[in-house]
Amino acid sequence: MWLYIKQLFQLILSPSRGWEDVSESGVPARKLQEKGFYPFLGVTAVSEFLRLLYTHDLGFWSVVLSAIAVAGAMFVSLYLARLFLDMTAERFINGTLNAAKVDVFVTYMMGINCLFRVFENAMPASMTFLKFLPLISLIIIFKSNAYMSVKADSQLNFLGLAGVALIVLPWAVGLLLSIII
């Protein structure tokens, strides 16, 4: 899990170098998910309880339901985003789409979403800039062009497609689950 978290921070601090390190590490997506993403998803869900420390009008059960909704949204979004990119991204890629790279790409980007959620939960005040943290994901996605072998003339199209799959989709699934639960 520590390699996964280290690379998440590296992707945020230096996206180009972060994607190079992800490529060099060569860890398969399945192992990243089992040893990195799923445990970190649990940390993300548990971080919802931090809100009890500084938001006094929240009840324990509402936080439990929020933790379930967040974990469920990220879990479901991991597979929906991967499916969406598998179906649509090939036309923007040089050669054929490498499914293993798509899996790794989606796993790291969903981990970044989780990291932003943990950071938001740890802040005792509702700061407006925290709502814009997912926009940093757009920079990280754009810097993944070399890793994903995106065609030079399709970089903005891939950015839009991946932005929908990795930012909008988790937000929409999370909203849907919070309404249902």
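None of the values given here were measured: they were computed from a predicted structure.
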Do Asp86 and Val102 come within less than 4.5 Å of each other through their side chains, counting heavy atoms only? yes
Centres of the Tyr108 and Tyr4 rings: under 6.0 Å? yes
Is it true that Val46 and Leu53 fall in one hydrophobic cluster, defined by side-chain heavy atoms closer than 4.5 Å? no
Between Pro15 and Gln10, is there a side-chain heavy-atom distance shorter than 4.5 Å? no
Could you list all the salt bridge (charged side-chain N to carboxylate O under 4.0 Å, His left out) pairs where at least one residue sits in residues 70-82, not counting sequence neighbours? Arg82-Asp103
CA sep, side-chain torsions, deciding dist, call: Gln33, Tyr38, side-chain contact (heavy atoms from CB on, under 4.5 Å): CA-CA 6 Å; Gln33 291 168 357; Tyr38 297 142; 3.7 Å; yes
Can you give me the closest heavy-atom contact between Leu52 and Val63, atom names plus distance? CD2-CG2, 3.6 Å
Any Glu48 side-chain heavy atom under 4.5 Å of Arg117 side chain: yes
Is any side-chain heavy atom of Val164 less than 4.5 Å from a side-chain heavy atom of Leu169? no
Does Leu161 reach the side chain of Phe84, with side-chain heavy atoms less than 4.5 Å apart? yes
Take a 6.0 Å sphere around NZ of Lys31 and say whether it holds more than 12 heavy atoms from other residues, nucleotides or ligands. no
Grouping I, L, V, M, F, W and Y whenever their side-chain heavy atoms are under 4.5 Å apart, do Trp61 and Phe49 come out in a common cluster? yes
Are more than 12 heavy atoms, taken from residues, nucleotides or ligands other than Phe9, located less than 6.0 Å from that residue's CZ atom? no
Mind running side-chain hydrogen bond (donor to acceptor under 3.5 Å, both in side chains) on Asp21 and Gln7 for me, showing each step along the way? CA-CA 8 Å; Asp21 286 351; Gln7 288 182 333; 5.8 Å; no
Leu115 side chain reached by Phe40 side chain, heavy atoms, under 4.5 Å: yes
Single-linkage hydrophobic cluster, 4.5 Å side-chain cutoff, Val104 and Leu83 together: no
Can you name the closest pair of heavy atoms from Tyr54 and Ala122 and give their distance? OH-N, 4.2 Å
Can you confirm whether Leu166 sits close enough to Ser137 that some side-chain heavy atom of one is under 4.5 Å from a side-chain heavy atom of the other? no
Does Asn145 form a side-chain contact (heavy atoms from CB on, under 4.5 Å) with Trp19? I'd like the steps, not just the answer. CA-CA 9 Å; Asn145 288 333; Trp19 286 116; over 6 Å; no
After noting the C-alpha distance and the side-chain angles of Leu41 and Phe75, does the key distance pass the side-chain contact (heavy atoms from CB on, under 4.5 Å) rule? CA-CA 8 Å; Leu41 184 59; Phe75 182 79; 4.0 Å; yes
With salt bridge (Lys or Arg N to Asp or Glu O under 4.0 Å) as the test, would you mind laying out the steps for Glu24 and Arg17 before giving the verdict? CA-CA 10 Å; Glu24 289 171 7; Arg17 183 67 185 137; 3.8 Å; yes
Do Val106 and Val70 belong together in a cluster built from hydrophobic side chains that touch within less than 4.5 Å? no
All pairs passing ring-ring contact (aromatic ring centres under 6.0 Å, His included) where residues 149-181 contributes a residue, at least two apart: Phe105-Phe158
Under-4.0 Å salt bridge between Lys143 and Glu20: no
Hydrophobic cluster membership, Met87 vs Leu97, 4.5 Å side-chain cutoff: no
CD1 of Ile139 to CD1 of Ile12, rounded to nearest 0.5 Å, is 11.0 Å
What heavy-atom pair brings Lys101 and Met148 nearest, and what distance separates the two atoms? O-SD, 3.9 Å
For residues Glu90 and Gly95, report the shortest heavy-atom separation together with the two atoms involved. OE2-O, 4.4 Å
Would the number of heavy atoms belonging to other residues, nucleotides or ligands and lying under 6.0 Å from CZ of Phe142 be above 12? no
Should the heavy atoms of other residues, nucleotides or ligands under 6.0 Å from NZ of Lys35 be counted, would the total exceed 12? no
Looking only at non-hydrogen atoms, find the nearest pair between Asn113 and Pro170 and report the distance. ND2-CG, 3.7 Å
On a heavy-atom basis, which atom in Pro134 and which in Ile167 lie closest, and how many Å separate them? O-CD1, 3.5 Å
Look up atom CG in Leu8 and atom NZ in Lys6, then write down how far apart they are to the nearest 0.5 Å. 11.5 Å
Supply the atom-to-atom distance Met110 CE to Thr44 OG1, rounded to the nearest 0.5 angstrom. 10.0 Å
Between Leu138 and Leu135, does a side-chain contact (heavy atoms from CB on, under 4.5 Å) hold up when you go through it step by step? CA-CA 5 Å; Leu138 291 175; Leu135 294 179; 3.9 Å; yes
Please examine the side chains of Ser47 and Phe119, heavy atoms only from C-beta on, and report whether any two atoms are closer than 4.5 Å. no
